[in-house]
Amino acid sequence: MVGFLSRKSKTSAKSEEISSGDFSGSDSSSVDEKGGYSSEDSRPASVDEKTPLKSAPDGKHAGVAIGTDEFSSLSESDAKILREQVAMPDVKATFFTLFRYADSKDKLIMCIALISSIISGAMRPLMTVVFGNVAQTFTEIGPRGMMDYYNNSTLYEYSNTTYERYNSSDAYYNESSYEPTNATYGYMTPTDYNERISTLSLYFVYIGILSIASTYVSTFLLMDRGEILSGRIREQYLRATLRQNIAYFDKLGSGEITTRISADTILVQEGMSDKVGVMLQNLSTFLVAILIALIRSYKLTLILLSVLFAITVFMGLISKLMVKYFRLSLGGYSVGGALAEEVISSVRNVQAFGVQERLALQYDKYLEITEKWGLKAGFALGAMIAFMWFAVYCNYALSFWQGSRYLASGELEVANVISVLMSMMMCSFNSSAIVPNIKYITNAVAAASKIFATIDRESAIDSDSSFGATLDTVEGAIELKDIRFIYPSRPDVTVLRKFSLSIPAGSTVALVGASGSGKSTIIGLLERFYKPVGGNITLDGHDINALNLKWLRRQISLVSQEPILFACSIYQNIAYGLLGTQFEHVSEIEKRELVTAACVQANAMMFIENLPEGLETDVGERGFLLSGGQKQRIAIARAIVSNPKILLLDEATSALDTKSEGVVQDALDKASKDRTTIVIAHRLSTIRDADAIVVMSKGEIVEMGTHNELLDKNAVYAGLVKAQQIDKLKEEKLAAFARDFDANEGDESIELESNPKPVVDEEDSKLARSKTNASARSISSFALEKRQAPVERQYTLGQLIASVYRISTPEHKYLYIGFAGAFINGLAYPIISVLYANCINAFQVGRTDIWYMRSAVNLFAGLFMVLAVIEAAAFIVVNSSLAYVAQRLIRRIRFQSFRQMLRQDVAFFDLDENNTGALTSTLSSDAQSIEGLSGATLGQILNCSVNLLSGLVLSLAVAPKIAIVCVACMPVLIACGYFRFKVQAKLAEQIKSAHGKSASQACEAAAAIRTVVSLTREDDVLDGYHRALEAQVKISRPATHRSAFLFGASEGVGFFIMALAFWWGSRFIASGEYSITRFFITYVAVIMGSQAAGIAFSFAPDMGKAHGAAENITRLLESTPEIDAWSTEGEVLDSVEGDIEFRDVHFRYPTRTQVPVLRGLSLTVKKGQYAALVGMSGCGKSTTIALIESFYRPLSGQVLLDGHDIADLQLNSYRSHISLVQQEPVLYAGSILENIKLGAPEPDNITEEDIIAVAKQANIHDFVSSLPDGYNTVCGSKGILLSGGQKQRIAIARALIRHPKVLLLDEATSALDSESEKVVQAALDTAAKGRTTIAVAHRLSTIQNADVIYVFDGGKVCESGTHQELLAHKGKYYELVQMQALERTA
């Protein structure tokens, strides 16, 4: 191990490896020190996902090449078994695979929707046909209308008395195409002219009505089906996830699963709902316009199509790049999401060690990776848009230039050229609207690839499979024969070696031994969490691999070392134990009786009855509202409620107080009769009555026999018992001590209450003596009354925009550059309207002067080319700058939101709406929603806005009488878009709430996968998730109706404005007040403006989502917690001695204010003292630790450090003097080294000697040194790759490395085996010297040497003193000691 730190530091300075659940890495892609991928391997997703990869950057495998098979050192058969447990298929999704779960009904509805989209899109180019006929009509109005187009100021004037007509044989203008007959016609009379214009205007109205109907149908059906089909993908993904073998979760981590189901499925939904309709609508417009153009003039159209062909090829190439970049971007964030999930789920540990900033910076490294690839995708999109518009404007130039040649040669007429030009203009305009929607499709395909990879993965151990036999009767005889086992995540370590054990039916067998000896592994193999690489396991003589997996697990009940409860009521949690049994479908009354009986057996009914809602009390996320002992009793009740044939107890009573342990152990002993029971225990008093005790070491059996037989051998087991033996004083000495104590009855060192009054009465009597109020109400209730409930602030749209604008402050210059570019882009169509109208005018003049027509068109075609260059440059500037702004903004929002979450006090995370799943989903989805309205999309909206406004200004300047009428209709168009935005914003808020609920359910199931599958809760979880998704659809459907109608209306109103423009403008052309040139400038400017408004408001769903996301983000970023980790206020102590005092502290948890927890707690721990807190589960011991850590504030009373109220101290400075080891140790998915260094306030100053010293103190150094990668061994998500004891010793090392003045141990040795406990306890005793130590303990052997022991009862101290003093009084403590005494069984 010499030099391991120096190697690590060099490695981390160069690169870090990235992994899905691990911030030190295992995805075989190096990350440079800035968080981006290094030049050595810039394609992290290109490695073969089917092959598990080396994850350790150093150690034994430092020289192994990235992508090397991790199992290459094993035999082929072993490697195959391990590989199939972690292999992932490489699935390439396409757009059509997004609809893989559509049934016949869905396909029919989708067909109707898509046909409606096509019809809606076809309405626009039909306008060009009407437009051509109107233009033709304008040329037939006779001499009165043929006025001087430029009011006698142009180069060419026309005589009002001379109008030469050309016939079909030699004319440039052949009207036969437009007349029902080919006869020559005269000028139209005013009556005929008005009738023709009115009829053509009505055609626009009909097109508008059909457009409204078709757009409404397509939008509603696609949005509704998108919700339903994406819901099915979510369900299938969760179903596939729940059937995966456990090694899959060891590799992936539950955080990535949460990201996939909460964020990636939203991307899939966006790519298969209304965005498809909008894209198909524009595509339909594109194709129909081409068809019409071909009919009008195939030659001119084919020439112009060459440019569109180039656009298509270029877009196809860029789209491939975009899919690749988006996939890499998603891959980067999925790892960051996994880290965020880990951190948020262990926020108490994060705050205790003050590592919020360090973990936030670690999270930011993955955000930097996401930003890097997102930027590349944005630049690619910008290049695509710039090239497309360059080609479009070149197309305009070509069309006018070539059209004038056809006119000059007589091949075409003006009307034909105009129709082709209008059609091609529409093609280009709508092709620009296709591009932003391509981003949604490519995002969806990239996200679907990862989702479908899980769905298509064949689990090595499939709990959903119907394969396997079921036995009619189960006796419970278990035999393990020659079992060899290796964890797939750690192939270099053999855990079990030729392990054989026979367990007769109905017997109780206990497994004991050092942490990491393989005890919990046996439990995992019996539950078929993993596959052994050798040997077999039988149940009643049947190989368990041949038995149906779900049936097998229903014969077994498991209580894990760290009990997992679900976020529902106590009753529901226990009733989950009935799933799959004969009691699953009994009446509710019978179920309740079974649950109540199980609670009584598990000694849980007493504390449950004291809760206000009894069995219906919600336990909170992961059961955080209950103490460790209470959770364990509920887990035991859940295990025994179904009367299983096989009972597996993995440290089932480790978190119980001694009294509860005695009662529960009796219940378990009774429950063990007539069933096979396998017990893992470090507390040997719990297994002395076992039929056989198996002593294990390094995956092998070293001793086996009964308790007495093993004591007689005086070998390993006897040594373990002696290590736990509580020293007893002889009766004479005890009696003498008692007499001495009786003589000093007044000594305040013990506050003994043999018959304490009821808790409420005592608090009331204390209150009665207070001067504040003489009523019978408690102090806590008065304190709660004074607290005002926080009022949720509401934000206006302007405030939200200002908030997001402030967040992007560092990128403002790029934002302004993007706005300037968008302004230039938006001016394009007003400019085009001028060029367009002048070209048409040149065509008209060309009837008498071909030379002028050619020269004028050449000039304007050249101007189109100039415009093409300018606009292409502007588009590159817009999309590049806004893509940069967008990616930086998204990264900053996620980073700041994550930091702000970690800033919040613990009470924030206790709220139901702030569970881990919801917060993780918020980080991914809210930022994603802001991203959906930035970059290219924001550029498009700005472009359309400038287009609309500049077009209106130009039209009002050129032909105000025509423009004023058309502009008056614009508010209707804008109102439709605005109200759609409001509807979508409200819908987004409702969907977020529903999504949050369903996402938290999925996250909870993934995080507790072992408990879920052992209870066979998969179908139950899926049913609940299905109901949540159905409710989501019902909530969104009415709003979807309204949104679809408003979108349809905004589409149709544009055609109504066209009808009005032609009808009204024709009057002025007929009268000669306005020339055709002026009319066309006004018409093109207004119509293109209205189309631009329609395109802008097509982004209303994105605006709605962005509005809701901005509100959530702003509310979070502006929130200031009561206990603020960022606050610099408060006194900073120059030196800390370590005196801790509680003065009459009353406390209730903010989420359960009706339940008093501490009721006037007073205690004092002097500098350097070792104080122990003991008592029954739920009496307030862990709450005391939480108050010392300043996780909460007391309702009344004070917590003091060296005489200073901790509420007046600077929080981070205060916490830096404290170290905490929790009851359930928390590790993160980095290396062992990184986890230990998290405890250091200044990790850069930690040396190799420091790490080794604390590791030796915690008795973990020898174990770590034995690992192939030493201290660089990865721990896995939440430390899953280590045993409970190993995790706890690393947590102890982490606590010691900060050299705290106050050491808090909340059951710090509960998960250790006897031998390790003895060594660690000695180390803790040594570490406690010179510092104040407060330990919560149920195992009294660990605290018998404490300077003072406080016995808790009912939220206050009922007696206190040393071990011997309390024994002498034979009170509550004496009873607890007697229950734990280890004696020979008779």
Side-chain angles (χ1 to χ4, degrees), residues 1-19 22-25 30-36 38 56-59 62 336 339 342-343 346 349-369 895 898-899 902-903 1125-1126 1128 1132 1136 1210-1220 1226-1258 1260-1261 1264 1269-1275 1290-1301 1303 1327:
M1 287 309 299
V2 176
F4 78 92
L5 276 173
S6 59
R7 290 200 311 272
K8 175 64 182 176
S9 62
K10 289 176 185 176
T11 303
S12 59
K14 293 179 180 178
S15 65
E16 284 181 51
E17 292 213 334
I18 177 173
S19 138
D22 166 358
F23 58 69
S24 69
S30 57
V31 184
D32 63 28
E33 59 189 358
K34 295 181 180 178
S38 71
D58 297 303
L339 173 63
E342 274 192 288
V343 172
S346 60
N349 192 70
V350 172
Q351 295 203 355
F353 286 97
V355 292
Q356 297 98 317
E357 203 63 29
R358 269 188 270 171
L359 291 172
L361 290 172
Q362 191 66 50
Y363 176 67
D364 190 49
K365 286 185 180 180
Y366 298 112
L367 297 184
E368 189 169 0
I369 294 168
F895 178 63
F898 187 58
R899 286 183 73 236
L902 298 185
R903 174 192 183 185
W1126 289 3
T1128 56
V1132 177
V1136 172
Q1210 204 277 323
L1211 185 62
N1212 289 324
S1213 173
Y1214 164 71
R1215 282 179 177 164
S1216 69
H1217 300 295
I1218 300 173
S1219 267
L1220 170 67
V1226 175
L1227 298 185
Y1228 302 100
S1231 67
I1232 293 173
L1233 172 65
E1234 289 168 327
N1235 271 283
I1236 293 175
K1237 288 178 76 172
L1238 271 178
E1242 297 179 357
D1244 294 338
N1245 297 331
I1246 298 300
T1247 65
E1248 175 181 352
E1249 290 73 22
D1250 294 332
I1251 295 287
I1252 293 176
V1254 295
K1256 285 181 176 178
Q1257 277 186 296
I1260 193 67
H1261 176 69
V1264 176
D1269 294 320
Y1271 282 82
N1272 293 320
T1273 301
V1274 293
C1275 302
I1290 292 172
I1292 292 169
R1294 180 176 59 198
L1296 295 178
I1297 201 167
R1298 68 197 282 128
H1299 305 295
K1301 291 291 185 181
L1303 183 61

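Residue W1126 holds its CH2 atom at 10.0 Å from CD of Q356, rounded to the nearest 0.5 Å. Separation of atoms CG (L1233) and CD1 (I1290) is listed at 11.0 Å; rounding is to 0.5 Å. Note that CG of L1220 and CD of Q351 are 11.5 Å apart. Values are rounded to the nearest 0.5 Å. Taking CG from L1296 and NZ from K1256, the interatomic distance works out to 15.0 Å, rounded to the nearest 0.5 Å. The distance from atom CG of L367 to atom CG of L339, rounded to the nearest 0.5 Å, is 9.5 Å. Between atom CG of residue L359 and atom CG of residue L1238 there is a gap of 5.5 Å, rounded to the nearest 0.5 Å.
A distance-only check finds no donor-acceptor pair linking the side chain of S346 to the backbone of N349 [under 3.5 Å]. The main-chain N or O of A1125 is found under 3.5 Å from a side-chain atom of N1212 such that the two form a donor-acceptor pair. With hydrogens and angles disregarded, no donor-acceptor distance shorter than 3.5 Å links the side chain of R899 to the backbone of A360.
With sequence neighbours excluded, no residue satisfies side-chain hydrogen bond (donor to acceptor under 3.5 Å, both in side chains) with S1216. For R903, the salt bridge (charged side-chain N to carboxylate O under 4.0 Å, His left out) criterion is met by D1124, not counting sequence neighbours. Partners of N1245 by side-chain hydrogen bond (donor to acceptor under 3.5 Å, both in side chains), not counting sequence neighbours, listed by chain and number: E1242. Remark: Y363 pairs with F898 by the ring-ring contact (aromatic ring centres under 6.0 Å, His included) rule, at least two apart or across chains. Considering only residues two or more places apart in sequence or on other chains, A1295 meets the side chain to side chain contact (heavy atoms under 4.5 Å, CB included) condition with F353, S1219, V1221, L1303. For Q1210, the side-chain hydrogen bond (donor to acceptor under 3.5 Å, both in side chains) test picks out no residue, with sequence neighbours left out.
The closest side-chain heavy-atom distance from I1218 to K1301 is not below 4.5 Å. In this structure the side chain of Y1271 reaches within 4.5 angstrom of the side chain of H1261, judged on heavy atoms. Taking 4.5 Å as the limit, some side-chain heavy atom of I1236 sits within range of a side-chain heavy atom of V1254. For the pair N1272/I1232, no side-chain contact is recorded, criterion being any heavy-atom separation below 4.5 Å from C-beta on. Residues L1227 and R1294 meet the side-chain proximity criterion, which asks for heavy atoms closer than 4.5 Å. I1251 places none of its side-chain heavy atoms less than 4.5 Å from the side chain of T1247. A heavy-atom distance below 4.5 Å is found between the side chains of F895 and L361.
Of all heavy-atom pairs spanning I1297 and G1239, the tightest one is CG2-C, 3.7 Å. R1298 and A352 make their closest contact through NH2-O, 4.3 Å (heavy atoms, listed as atom of the first residue, atom of the second, distance).
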